[in-house]
Amino acid sequence: MKELTPRQIVAELDRHIVGQHEAKRAVAIAIRNRWRRQRVAEDMRNEVAPKNILMIGPTGVGKTEIARRLATLTGAPFIKVEATKYTEVGYYGRDVESMVRELVENAIGLVREKELERVKPEAERRVEQRLVDLLAPQPNTFEVGVDSPNSPERFERTREKMRQMLAAGEMENRTVEITIEQKAHAMMIPGMGPGNDSMEFDFQGMLEKVLPKNVSRRQMTVAEARRVLLEQEREALINGEKVNAQAIELAENLGIIFVDEMDKVVASEGGRGADVSRQGVQRDLLPIVEGTTVNTRYGYVRTDHVLFVAAGAFHKTKPSDLMPELQGRFPIRVELKDLTKDDFVRILTEPKSSLTKQYTALLKTEGVDVDFKPDAVEALASYAFDVNQRTQNIGARRLYTILERLLEELSFEAPDMQMGRVEINAAYVRERLDEVSKDEDLSKFIL
């Protein structure tokens, strides 16, 4: 896990997300506490429980974006799940424990990547040896005599010359024939696999052992063969069992699960049917958040020290409507604020990949230079804020629809313009958005 201080984590999040300082601080402290826990005495380490976070705020203010950026920032196993796709056992939907299995899969991906990188130098050495064998195959018999055309000494000189030419990149277009082994495809059985996730054993692994291996020989250039052979050698050099064991340990100690749409599993008063299932999701979620052991295809995984970050709009319900036991497992509550007009201005200009920069780069590929003037950004922010106030408040997502509407004509005409410069100012914005934003019924459907 990358050793970032809380201040560094907040600074990194500030590069992509505007405002919401309290949420960033809470998340930064929780992440740093994972690092701290790894450095305390072992008897104390087992007692330190993660301080789970519940983020509350309307849609489009940055809850999911904070979680998404954390995934790339921490380097720890991380998954984002929607609470709405889980249902109580017996109803159609996924088993809640499947989120832990997904976390382990993510951890295996991280550990495998690290192991593959570690064995790469040795794999490259082996690939070079195999390519030399393919380009200068050993003859069935050798002739005795130094000057013989088929002598061992001459054969070794030829191989050494081939090795030098390979290193110099002179053999890249030569054709060689290599053996490719294809794995058997897994069969889909109803009730087993991604849908209901009731598969608790390695069905794919079992199939690979039972079904015959599909081996084929293909001709390709040395450059293509090098890529294929490198993949084969790297796979052969890593220890699968060691990867699985490390991944489980990583998931247990540093894993982060982000549960979105938490408010959607709150049942309404006197509800039946789907509401019963929602209440069931909370009951199924409780032991996982409290700490339990989940059976996965790679072994048993304990969730005692997995960090859970939950988020929800809670506009029709309140966090206090959740089960009391579940509330107690999310001790840190953070409320994210509604976005103001000034926030929209900052969102359009400050982040590293802001929307205005994205559209400028996209149209640049057509040879069109787009220049957003400050008054145009102000006008766009005003329209977004105004439409959000009068219709459904969807936060920063409103900017996507407004900018798409603004640049619709330009995006359509750009390929035929060849070269050109387009200056977007407040008048340009008003001309294209004024009519739509004034007509409230129309703006509901278009913006």
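The shown structure was predicted, so the numbers you read here are calculated from the model rather than taken from an experiment. Position 1 is the first residue of the sequence, and the numbers go up from there.
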(request) List the steps and the verdict of salt bridge (charged side-chain N to carboxylate O under 4.0 Å, His left out) for D43 and R45. (result) CA-CA 6 Å; D43 55 341; R45 193 184 307 163; over 6 Å; no
(request) Check whether any side-chain heavy atom of E22 sits under 4.5 Å from a side-chain heavy atom of E335, and report yes or no. (result) no
(request) Find out whether I56 and P319 are in side-chain contact, i.e. whether some heavy atom of one side chain is under 4.5 Å from a heavy atom of the other. (result) yes
(message) Taking the basic N atoms (NZ, or NE/NH1/NH2) and the acidic carboxylate oxygens, is any pair closer than 4.0 Å for E235 and R112?
(response) yes
(message) Keeping K316 on the side-chain end and D263 on the backbone end, is there a donor-acceptor pair under 3.5 Å?
(response) no
(message) Less than 4.0 angstrom from a charged side-chain N to a carboxylate O is my criterion; do E128 and R163 meet it?
(response) yes
(message) Between the side chains of R302 and D304, is the shortest nitrogen-to-carboxylate-oxygen separation below 4.0 Å, so that they form an ion pair?
(response) yes
(message) Tell me if a side-chain donor or acceptor on D386 pairs with a main-chain N or O of Y383 at a distance below 3.5 Å.
(response) no
(request) Say whether, by atom type as modelled, one donor and one acceptor occur between the side chain of D321 and the main chain of V266 under 3.5 angstrom. (result) no
(request) Taking K364 for its side chain and V370 for its backbone only, find out whether a donor-acceptor pair lies under 3.5 Å. (result) no
(message) Run the side chain to side chain contact (heavy atoms under 4.5 Å, CB included) test on F78 and L73 for me, step by step, so that the C-alpha distance in whole Å, both residues' side-chain angles and the decisive distance to 0.1 Å come before the verdict.
(response) CA-CA 10 Å; F78 178 100; L73 199 59; over 6 Å; no
(request) Determine whether more than 12 heavy atoms belonging to other residues, nucleotides or ligands lie under 6.0 Å from atom NZ of K357. (result) yes
(message) Counting only heavy atoms not in R7 (residues, nucleotides, ligands), do more than 12 fall under 6.0 Å from its CZ?
(response) no
(request) Can you sort out the partners of E122 under salt bridge (Lys or Arg N to Asp or Glu O under 4.0 Å), two or more places apart, ordered by chain and number? (result) R125, R126
(message) Please check this pair: side chain of R34 against backbone of N253, looking for a donor-acceptor N/O pair closer than 3.5 Å.
(response) yes
(message) One thing to verify: whether R101 and D95 come together as a salt bridge, which I'm taking to mean a side-chain N less than 4.0 angstrom from a carboxylate O.
(response) yes
(message) Any non-hydrogen side-chain atom of E224 less than 4.5 Å from a side-chain atom of R227?
(response) yes
(request) Just jot down the salt bridge (Lys or Arg N to Asp or Glu O under 4.0 Å) partners of R68, sequence neighbours excluded, or say none. (result) E65
(message) Looking at E82 and K80, is there a salt bridge between them, counting it only when a charged N and a carboxylate O are closer than 4.0 Å?
(response) yes
(request) Salt-bridge test for R432 and E409: reply yes if a basic N is under 4.0 Å from a carboxylate O, no otherwise. (result) yes
(message) On a heavy-atom basis, which atom in V61 and which in Q20 lie closest, and how many Å separate them?
(response) O-NE2, 3.3 Å
(message) Consider side chain to side chain contact (heavy atoms under 4.5 Å, CB included). Of V104, I256, V100, I257, which one does I79 pass it with?
(response) I257
(request) Enter the distance from E115:CD to R234:CZ here, rounded to the nearest 0.5 Å. (result) 11.0 Å
(request) Mind listing the closest non-hydrogen atom pair of A26 and V334 along with its distance? (result) CB-CG2, 3.5 Å
(message) Tell me which pairs pass salt bridge (charged side-chain N to carboxylate O under 4.0 Å, His left out) where either residue lies in residues 236-256, with sequence neighbours left out.
(response) none
(request) Kindly say whether L363 contributes a backbone atom to a donor-acceptor pair with the side chain of E366 at under 3.5 angstrom? (result) no
(request) Give a yes or no answer on whether the side chain of N52 reaches the backbone of L307 with a donor-acceptor pair at less than 3.5 Å. (result) no
(message) Would you compute the distance between atom CG of L399 and atom OG1 of T356 and round it to the nearest 0.5 angstrom?
(response) 10.0 Å
(request) Report yes if the side chains of F258 and D260 come closer than 4.5 Å at any heavy-atom pair, otherwise no. (result) yes
(message) If you compare all heavy atoms of P58 against all heavy atoms of A313, which two are closest, and at what distance to 0.1 Å?
(response) CA-CB, 4.3 Å
(request) Decide yes or no for V301 and T293: does some side-chain heavy atom of the first lie under 4.5 Å from some side-chain heavy atom of the second? (result) no
(message) If you define the side chain from C-beta out and look only at heavy atoms, does anything of F330 sit under 4.5 Å from I53?
(response) no
(message) Is it the case that the side chain of T303 and the backbone of I288 share a donor-acceptor pair, with hydrogens and angles ignored and the cut-off at 3.5 Å?
(response) yes
(message) To the closest 0.5 Å, what do you measure between CE (M262) and OG1 (T317)?
(response) 11.0 Å
(message) Quick check: do I108 and Y298 have side-chain heavy atoms less than 4.5 Å from each other?
(response) yes
(message) Could you walk me through whether E233 and R130 satisfy the side chain to side chain contact (heavy atoms under 4.5 Å, CB included) test, starting with their C-alpha distance in whole Å, then the side-chain angles of each, then the deciding distance to 0.1 Å, before giving a yes or no?
(response) CA-CA 10 Å; E233 290 297 338; R130 284 180 67 178; 2.8 Å; yes
(message) Under the criterion side chain to side chain contact (heavy atoms under 4.5 Å, CB included), I'd like the reasoning laid out for D369 against V422: C-alpha separation, chi angles, the key distance, then a yes or no.
(response) CA-CA 6 Å; D369 287 319; V422 178; over 6 Å; no
(message) L407 vs I424, test: side chain to side chain contact (heavy atoms under 4.5 Å, CB included). Steps then yes/no.
(response) CA-CA 10 Å; L407 298 170; I424 295 178; 3.4 Å; yes
(message) How close do L4 and R32 get, counting heavy atoms only, and between which atoms?
(response) O-NH1, 3.2 Å
(request) Give, for atom CZ of R15 and atom NZ of K352, the distance between the pair rounded to the nearest 0.5 Å. (result) 4.5 Å
(message) Strictly distance-based, threshold 3.5 Å: is any side-chain N or O of K51 a donor or acceptor partner for the main-chain N or O of A30?
(response) no
(message) Rounded to the nearest 0.5 Å, what separates atom CG in L229 from atom CD in Q129?
(response) 12.0 Å
(message) Strictly below 4.0 Å, N to O, side chains only: are E261 and K85 in salt-bridge contact?
(response) no
(request) Compute both the distance and the angle, then confirm whether R346 meets the cation-pi test with F344: under 6.0 Å from the six-membered ring centre, within 45 degrees of the axis. (result) no
(request) Could you tell me whether K341 and E378 have a side-chain N and a carboxylate O separated by less than 4.0 Å? (result) yes
(request) Over all heavy atoms of both residues, which pair between T349 and V345 is shortest? Give the atoms and the distance, please. (result) OG1-O, 2.8 Å
(message) Treating H305 as the side-chain partner and G255 as the backbone partner, does any N or O pair qualify as donor plus acceptor under 3.5 Å?
(response) no
(request) Side-chain contact test, heavy atoms from C-beta onward, threshold under 4.5 Å: evaluate it for D371 versus K373 and give yes or no. (result) yes
(request) Kindly compute the distance separating CG (L336) from CG (L339), expressed to the nearest 0.5 Å. (result) 9.0 Å
